[in-house]
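All figures in this text were calculated on a predicted structure; none of them were measured in a lab. Each chain gets a letter, A, B and so on, in the order the sequences are listed, and its residues count up from 1.
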Amino acid sequence: MRTSASVLHLDLDAFFASVEQRDKPSLRGKPVVVGGVGGRGVVATASYEARKYGVRSAMSTREARSRCPHAAFLTGRFHAYREASAIVMGLLRSVSPLVEPLSLDEAFVDLAAADLPDLELATCVAVAEDLRARVHEATGGLTASVGLGTSKFIAKVASDLDKPDGLTVVPPGTERDLLRPMLVTVIPGVGPATAERLRRAGIQTVADLELVDLEELVRLVGKAHGNGLFHLARAQDDRLVVAEREAKSVSVEGTYDTDLTDRKLMEGLLTRQAGEVAERLRKHGLSGRTVSIKVRLHDFTTLSRSSTLSSPTDSTATVARMARGLLADLDTSGGVRLLGVGVSGLADWIQEDLFGETTEEEVEPLPEVEVPSSRRRTWSPGMDVEHTTMGRGWVWGAGRGVVTVRFETAASASGPVRSYPDDDPELSAWRPADPDETAPAPPA
DNA sequence: TCTGGGGTCCTAGGACCC
DNA sequence: TCTGGGGTCCTAGGACCC
C-alpha cells in the first residue's frame, strides 16, 4: 500500500447529458435523458434534473418516460462525447504520463508518476483542484468529480462522495474507518447477485464483511472473488494504474424492437454485424481465432456459441460464415430479441498471406475448424414466395437495420409481415412504387 | 412490449496430452 | 488390469462494470 494519497480518480458528471446541455442551451436546467429511444431502449445517462424524478442509468426508457414525461429524450452523439473525452484525457496526461481510462468519462491518474515536488496531501489536492478547473475551462463547462486516495479502490469511492462537481480526499490511514459503515456494494465487483448472497449470510456493510474469514468468503462467492473481497474489505488494494491495455475481444450486438423469427433475416443481420466486427479488427490491425454469436430469446434467456479457428482471421467472409453456421445450431422459433457477433483470442499480428492481396469479394476457402457431426448442417434459407401474389408490399417500419414490410395477398390487402435487413436487394422490389399511395392501416 | 452495448473476468466441465 | 495426477485449451454461461 502506498503511504500518500497519490491515486486520483476523475469522473465527469452526468457526462452524456452534460455534453448535450452544453451544446444546446435550451436544454440547460432541464431534465435530459440520453439513451435508447426505441421500444427497448435503456437510459445511458440522466441529467441531475431528470434524476430528481427518479430516472437512473440502465432504467428502461419506457419507465423513464413515465417518471419524467417532459424530459428531452436523446439518442446520443457519440463523436461529441469522444471529442470531449479526448480533451479531458489529454489534460490528465499533461499531469501524469500514467493515466488509465476506464470509459469515456472516467480515468485513474497516478500522481506518483507525475513530476511533482512531493506527494504531500496539500500538493495532491492542489493538483486535483487545478485539474478540475482546467477540465471545466477546456470542455466549455463540463464538471468533474475527483477522488484522491492511497489506492484505486479508495480514490474511486472518494470521487463518488461529493457529486457533482466535488473533490474528496481520503487521508492515508483513514481508509478503513471510511469504508466500515458503507454497504458492501461500494466494493467494485459486488453487484446485485453477490450482494444478495452476502445478505443471506448476514453481511451488509463492509464492517460485517471484515468479520468474515477468508475460507468462509471463498465458500460464499468463489475463490477469486472471495480473495478480492477479503482484501478490499480491509482497504488492501495493490492494483497498479496501467496506461495501456490490449483489447481482448471485439463485438457488435443489437436488440430489435420486435422479435425476429425469420432465419433469413437473422442470417442477414449476423452477416452485417460480422462485417462491422471484421472492419474494426482490420482498422486496429487485429485478427482473432474465436468467433462467437450471442442470441437473446424472446424470454430473455441468452445463448452463446463459439468456434475456434486454427489461425486468426480478420475476414468478413470468414467471420460471417462462421456466425451463420453457429446460428444453425439454435432453436429460435420462439423469437429473438438480440443478435450479436464477436471475435476473441486476438492476435496483434496479421497472418502472412502467401497468395498476395485478398479482396473481400473473393470467396475464401472454408476455415479449418472441427465441427461435431451433430452440428454439421447446412442452412439453406430461400425466400418463400407465397406473399408475392399481388406484387405489392408496404414498408411498415424501419430501424436498426431492419425494414418491416407488410405484403398484400390475393386474399387480403393487409397480409403477412416480413422483415429484411435494410440493404437486402430483395427489399427494393418491395417498396411501393407510388409515394403518394397510402399504406393500409396497421392491424389492431 | 420490463431489462442497451461494449467490454472484462471467473467458473466448471470435458477433451486431450504427458 | 487398474488407477493416477497436472496442465492447457475450448466451450457455455453468468456476474459485473460504465
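- Looking at heavy-atom distances under 4.0 Å, A/Asp259 makes no contact with the nucleic acid at all.
- Under 4.0 Å is where a charged nitrogen must lie from a carboxylate oxygen, and between A/Glu210 and A/Arg176 at least one such pair does.
- In this structure, of B/dG6, C/dC18, B/dT8, it is C/dC18 that holds the atom nearest to the side chain of A/Ser103.
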Dot-bracket encoding per residue of DNA chain C, Watson-Crick/G-U cut-off under 3.5 Å, | denoting interstrand | ....||||||||||||||
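- A/Arg197 comes within contact range of no nucleotide atom at all, as no heavy-atom separation falls under 4.0 Å.
- Heavy-atom contacts from other residues, nucleotides or ligands closer than 6.0 Å to CD of A/Glu276 number more than 12.
- Here A/Arg337 lies in heavy-atom contact (under 4.0 Å) with a base.
- Here C/dC18 is the nucleotide among B/dT3, C/dC18, B/dT11 with the atom lying nearest to any side-chain atom of A/Asp105.
- A straight line from CG of A/Leu198 to P of C/dC16 spans 10 Å, rounded to a whole angstrom.
- With respect to the salt-bridge test (charged N to carboxylate O, under 4.0 angstrom), the residues A/Asp237 and A/Arg239 qualify.
- Checking B/dG5, C/dT11, B/dT3 against every side-chain atom of A/Arg40, the shortest atom distance belongs to B/dT3.
- Taking every heavy atom of both residues into account, A/Leu240 and A/Lys152 meet most closely at O-NZ, 2.8 Å.
- Side-chain N/O atoms of A/Thr332 and A/Arg263 include a donor and acceptor closer than 3.5 Å.
- Using a 4.0 Å heavy-atom distance criterion, A/Lys156 is classed as a sugar-phosphate-only contact.
- Taking all atoms of both residues into account, the shortest heavy-atom contact from A/Arg234 to A/Val212 is NH2-O, 4.0 Å.
- Here the nucleotide nearest the side chain of A/Ala193, chosen from B/dT8, C/dA15, C/dC10, is C/dA15.
- Within residues 45-62 of chain A, the residues approached by DNA chain B to less than 4.0 Å at the level of any non-hydrogen atom are A/Ala58, A/Ser60, A/Arg62, in residue-number order.
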Could you pull out all donor-acceptor pairs under 3.5 Å where a side-chain atom in residues 136-144 of chain A meets a protein atom, sequence neighbours excluded?
from: A/Thr139; atom 1: OG1; to: A/Val135; atom 2: O; distance (Å): 2.6
from: A/Thr139; atom 1: OG1; to: A/Leu142; atom 2: N; distance (Å): 3.1
from: A/Thr143; atom 1: OG1; to: A/Asp13; atom 2: OD2; distance (Å): 2.7

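- Taking the side chain of A/Arg296 as heavy atoms from C-beta on, and the options C/dC10, B/dG4, C/dC18, the nearest nucleotide is B/dG4.
- Among the nucleotides B/dG7, C/dC16, B/dT3, the one closest to the side chain of A/Phe300 is B/dT3.
- Residue contacts shown for A/Val252 are limited to sugar-phosphate atoms, with no base heavy atom under 4.0 Å away.
- The number of heavy-atom neighbours closer than 6.0 Å to CD of A/Glu216, taken from other residues, nucleotides and ligands shown, is above 12.
- Contact annotation for A/Leu104: no contact, since no heavy-atom pair falls under 4.0 Å across all strands.
- Between C/dC16, C/dG13, B/dG4, one nucleotide has an atom nearer to the side chain of A/Thr194 than all others, and that is C/dC16.
- A/Gly39 comes within contact range of at least one nucleobase, with a heavy-atom separation under 4.0 Å.
- Side-chain proximity of A/Thr308 to B/dT8, C/dA15, C/dC10: nearest is C/dC10.
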